Amino acid sequence: MTSPTTPRVRFAPSPTGYLHVGGARTALFNWLFARHFGGTLILRIEDTDFERSSEEMVEGILQGMRWLGLNWDEGPFFQSQRLDLYRATAEKLLASGHAYHCFCTKAELEQRRAEAAAAGRPPMYDRRCRSIDRQTAVSRKAAGAPCAVRFAVPEGGATGFDDAVFGRVEFAHSEIEDFVLLRSDGVPTYHLSVVADDIDMRLTHIIRGADHISNTPKQVLQYQALGATLPVFAHVPLILGPDKTRLSKRHGATSVIAYKDMGIVPEAFRNFLALLGWTPGSENKDREIFSSDDLVQLFSLDGISKSNAVFNNDKLAWFNTEYIRAYDANALLPLIQEEWTALGFTPHRSAEDVLAAIELLKPRARSLKDFATTFRAYFSDAYDYDPAAVAKFLKDDATRKLLLQLSRRYAEAPEFSSSTAEHVLRSLADENGVKAGVLINGARVALTGQAVAPSLFAVMNALGKDRVVARLAAAESIPIPD
RNA sequence: GGCGCCAUGGUGUAACUGGUUAACACGCCGCCCUCUCAAGGCGGAGAGUUCGGGUUCGAUCCCCGAUGGCGCUACCA
């Protein structure tokens, strides 16, 4: 037996230009697993499909991982730069008789597939090139005949593996076709490059999407042919859209960065994602909020569920409010600033006032976006009045007149605080036989432009005397929507 | 079509190796609080565990079948 080794895992996306939700969850699980055991996470870019890959395309993936706080220990490695390894591996398989040259052209294959389908036969490769003996194959190749390399799947029996999530899974060899390892242009297919790399990188656990379950026997066969020890496979169920079909653009955002752009806080997204297809055990069943450290400590392959999970935006939104609320105002500020600059908004208040306003508002924010949209009036004097709010609370001329009076009283008052502000307002209402609520609601719209805000006197306190006086005085000139 | 996997309220999940009024969270509804809206507090509706057979004194849990969903079925990954 070998000495106990720390796990080595990998996240191996293909470079599509962005990190999608499913990939992010796979990355997260690998990261949690590695961190839990003090292991190593390797980032590997599977870019053997040159048509669709370029080095720039990886930036989106890195960006997504950084946003989620997922760091890696080795890489990124690019498969496009490791071609020699794959060719050598194919050569080994060829030499040991586990693989053979195939001279069938793509067109021929397609035609035979069509015929098979028409005849109701399974559209598998008919293995005709398998009978060409090695000598003639080599000379045909040397003569310039283009050929691919296929794996020779054993005739009878079955190949299986013990999945850490799904348990024993087996496939009959009759169901596995002689898959291509090396294309005729010498570029490896996924089936070859994953195995060659996973062996070369000494990975101990393969944690990846369940869509790879059916591919796994093809890989197991190669491990065996190569005499390599099998890693532990752990397939993670897929993430589905609300209609229970695989999550795609149709369902809205699939890119992780799109959620950042929606004003989601990374901790919220990570927490949400972690709980999609995994539970930290029944001891923690009444808890939903887990810090990064909690997740690392609690993570285990045992908690991974076998059934696919539906991505639920409402739940994500809930996590987001929880996290925004729990954030320290100082820590929230840079995230909010990003929103501001994105919208070309500049706050006109002192750093201290900005922080105080954030403190006041964060318990009611649904998204970081709120700070740059509906909460503008707390950070700048340039804000808009929501027409619906004006129509609801500020259309009455008498109310506007009273707000003007209120403004004067505040201006004349010796001191200004939440409690004195409230006292002054209620007295004015009493004197005029008006309900305090009328003035309160009107003042809220005048001060914030919104019908919805924190407690009015807390708002006044956050705004300060001068702004309150000025904005109330301006109430009269707020346009009334038709 | 073939092969594989999965199946607990609308959603995410609990329910120790078969014995629970099937639990929690999101969402939804109502009430309280109240200056608005959230939040918060309280309460409620919503699944008898996809369906049908077994095994068992007893099945969400074990077995078989059906149905449904998903995945794979490329010289894509």
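Owing to the predicted nature of the structure, the values given are computational and were not obtained by experimental measurement. The chains referred to below are lettered A, B, ... by the order of the sequence lines, with proteins before strands, and numbering in each begins at 1.
Checking the phosphate oxygens (OP1, OP2) of B:C35, a side-chain nitrogen or oxygen of A:R426 falls inside 4.0 Å. Not one side-chain nitrogen or oxygen of A:S193 sits closer than 4.0 Å to the OP1 or OP2 atom of B:A77. Dashed line: the shortest gap from a side-chain N or O of A:R121 to OP1 or OP2 of B:G2 is not under 4.0 Å. Put simply, A:R113 has a side-chain N or O that comes within less than 4.0 Å of OP1 or OP2 on B:C75.
Spacing of P atoms, B:G52 relative to B:C29, comes out at 33 Å, to the nearest Å. Between B:G18 and B:U56, the distance separating the two P atoms is 16 Å to the nearest Å. Here, B:C5 and B:G9 have their P atoms 22 Å apart, quoted to the whole Å. As rounded to the nearest Å, B:A7 and B:U49 have C1' atoms that lie 10 Å from one another. Nucleotides B:U21 and B:G4 place their P atoms 39 Å apart, quoted to the nearest Å. Between B:U13 and B:G27, the distance separating the two C1' atoms is 15 Å to the nearest Å. One C1' atom belongs to B:U50, the other to B:C72, and the distance between them is 24 Å to the nearest Å. B:A15 sits 7 Å from B:A23 when the C1' atoms are compared, rounded to a whole Å.
Residues A:Y100 and A:D178 bring a donor and an acceptor atom of their side chains to less than 3.5 Å of each other.
No side-chain heavy atom of A:V169 sits less than 4.5 Å from a side-chain heavy atom of A:T216. Taking the side chain as every heavy atom from C-beta outward, A:F319 and A:E288 approach each other to under 4.5 Å.
Residue-level contact check: A:L109 touches the bases, meaning some heavy atom is under 4.0 Å from a base atom. A:T321 comes within 4.0 angstrom of no nucleic acid atom, judged by non-hydrogen atoms across all strands.
Glycosidic conformation of B:G48: syn, with the torsion inside 90° of 0.
One cannot find a donor-acceptor pair under 3.5 Å joining the base of B:C75 and the side-chain atoms of A:T189. Side-chain N/O atoms of A:K315 and base N/O atoms of B:A25 include a donor-acceptor pair closer than 3.5 Å. Counting distance only, with no hydrogens placed and no angle test, the side-chain atoms of A:N308 and the base atoms of B:A7 include no donor-acceptor pair under 3.5 Å.
For A:V169, counting side-chain heavy atoms from C-beta on, the closest listed nucleotide (B:G4, B:G12, B:A74) is B:G4. Nearest to the side chain of A:E288, among B:A25, B:C72, B:C35, sits B:A25. For A:W318, counting side-chain heavy atoms from C-beta on, the closest listed nucleotide (B:C26, B:C75, B:G2) is B:C26. The side chain of A:S214 approaches B:C72 more closely than any other nucleotide in the set B:C72, B:U11, B:A14.
Ring pair A:Y125/A:F179: centre-to-centre distance not below 6.0 Å.
Computed from coordinates, the A:D178 CG to B:C75 C1' distance equals 14 Å when rounded to whole Å.
Note that A:R25 lies in the cation-pi zone of A:F29, set by a 6.0 Å cut-off to the ring centre and a 45° limit from the axis.
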Under the side chain to side chain donor-acceptor pair (under 3.5 Å) criterion, do A:S291 and A:D294 qualify, and how do the steps go? CA-CA 5 Å; A:S291 71; A:D294 291 340; 3.2 Å; yes
